[in-house]
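Below, read A as the first sequence line, B as the second, and so on, with proteins coming before strands; counting in each chain starts at 1.
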2 protein chains.
Amino acid sequence: MSAAEVPARRQTRQRTAVLALLDELDGFRTAQDLHAQLRERGDGVGLATVYRALQALVDDGLVDVLRSEVGEAAYRRCSPVHHHHLVCRSCGRTVEVADPPVERWAARVAAEHGFADVQHQLEVFGTCAACAAQR
Amino acid sequence: MSAAEVPARRQTRQRTAVLALLDELDGFRTAQDLHAQLRERGDGVGLATVYRALQALVDDGLVDVLRSEVGEAAYRRCSPVHHHHLVCRSCGRTVEVADPPVERWAARVAAEHGFADVQHQLEVFGTCAACAAQR
DNA sequence: CCCGGGCATGAGAACCATTCTCACACGTCC
DNA sequence: GGACGTGTGAGAATGGTTCTCATGCCCGGG
């Protein structure tokens, strides 16, 4: 009844490349985007493999996912502790932020309406200083 | 420089049917789902038309959209004032809730990091009392 | 160091929600 | 009532994501 045992992920060139690329970038990127960048730099990796690697990283809690307005998934290397995001809608640059108050608020509101197993999702979008300056 | 004038939406059987169905339901439903229900009850409406009608309603602020985990869009008749949602992840039943504190919090955090044109999105998911009882 | 089982990979097909196309229908205004 | 122009609908097109399956390679055991 403990945590699920690790499914023994194999260490392959492809998975290493995906994680390394995510470590370099500091914003949310789509799988297609990551795949293109890997291809450009010569690290040939199949698109399907990129998706599988990202899925595995998400399952392991090393990466966060976000859905864009148009429904595409965007991925980013994130810290494993609970946090929210402040995302630049122009360049994708992201800052992790914590908000203790909203945690309690969500729990209280849910309880008031009889909801259990509560989860919440909070993201803030804006234009970062750099992007605002150059327009 | 005033608000954009209304594009003069025509009142058709199809649009009326879509809005009427949304008024009956009190949870987020996908376009596919709504299309199937309309078809069942005899109100034949094309799938493309359902999408167009929903898009128009969203533009008019009469309907809210939410992206499911798998990326599908879900729609719900909502009040025009700013609010967040408490959604049952089992049956889709939804309660509109307000959270003034988070509005100020978002603005402050964004300002601290130099972000402008701030928007935020906050949704709470859980299992409603009814669904929790029957399992 | 060598083998073998089995997960990982990759090219392309399959999937599926959503949007587009375009000829035709019908609301709206005169 | 009639013309104009938007709305409709069936099916094709789009595009992100997942699946298929034959082949590749990681890794533990001998």
Exercise for the section: Show your reasoning for whether side-chain hydrogen bond (donor to acceptor under 3.5 Å, both in side chains) applies to His83(B) and Asp64(B). Expected result: CA-CA 10 Å; His83(B) 61 268; Asp64(B) 279 0; 3.0 Å; yes
Practice task
Could you please spell out the steps behind the ring-ring contact (aromatic ring centres under 6.0 Å, His included) verdict for Tyr51(A) and His35(A)?
Solution key: CA-CA 9 Å; Tyr51(A) 276 103; His35(A) 174 246; 8.6 Å; no
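Between Arg67(B) atom CZ and Glu123(B) atom CD the span is 13.0 Å, to the nearest 0.5 Å. Expressed to the nearest 0.5 Å, how far CD of Glu96(A) lies from CG of Leu86(A) amounts to 11.0 Å.
A sub-4.0 Å separation between OP1 or OP2 of dT19(C) and a side-chain N or O of Tyr51(B) is absent. Close to dA8(C), at under 4.0 Å from its OP1 or OP2, lies no side-chain N or O of Arg52(A). Taking only side-chain nitrogens and oxygens, Gln14(B) comes nearer than 4.0 Å to OP1 or OP2 of dG9(D).
Ring pair His120(B)/His84(B) is tilted by interplanar angle, where 30° to 60° counts as tilted.
Ring centers of Phe28(B) and His85(B): under 6.0 Å apart, within the cut-off.
Rounded to whole Å, the distance from NE2 on His35(A) to P on dT17(D) is 13 Å. Rounded to an integer number of Å, the gap from CG of Leu38(A) to C1' of dG10(C) is 14 Å. When the C1' atom of dA17(C) is taken as reference, atom CD of Glu69(B) falls 17 Å away, rounded to whole Å. The CD-P distance, from Glu72(A) to dT14(D), rounds to 17 Å in whole Å. Atom pair Arg67(B):CZ and dT17(D):C1' shows a separation of 14 Å (rounding to whole Å applied). Between Leu54(A) atom CG and dG10(C) atom P there is a gap of 13 Å when expressed in whole angstrom units. If you take CG of Leu47(B) and P of dT21(C), they are 17 Å apart, rounded to a whole angstrom. In this entry the distance linking CZ of Arg15(B) with P of dA25(C) reads 19 Å, nearest Å.
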Fill in the blank from the handout: Nucleotide by nucleotide, nucleotides 22-30 of chain D touches protein heavy atoms under 4.0 Å in the pattern (B base, S sugar-phosphate only, - none) ----BS---
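If you check every strand for non-hydrogen atoms under 4.0 Å, Val70(A) touches nothing.
At least one side-chain heavy atom of Gln37(B) sits under 4.5 Å from a side-chain heavy atom of Leu21(B).
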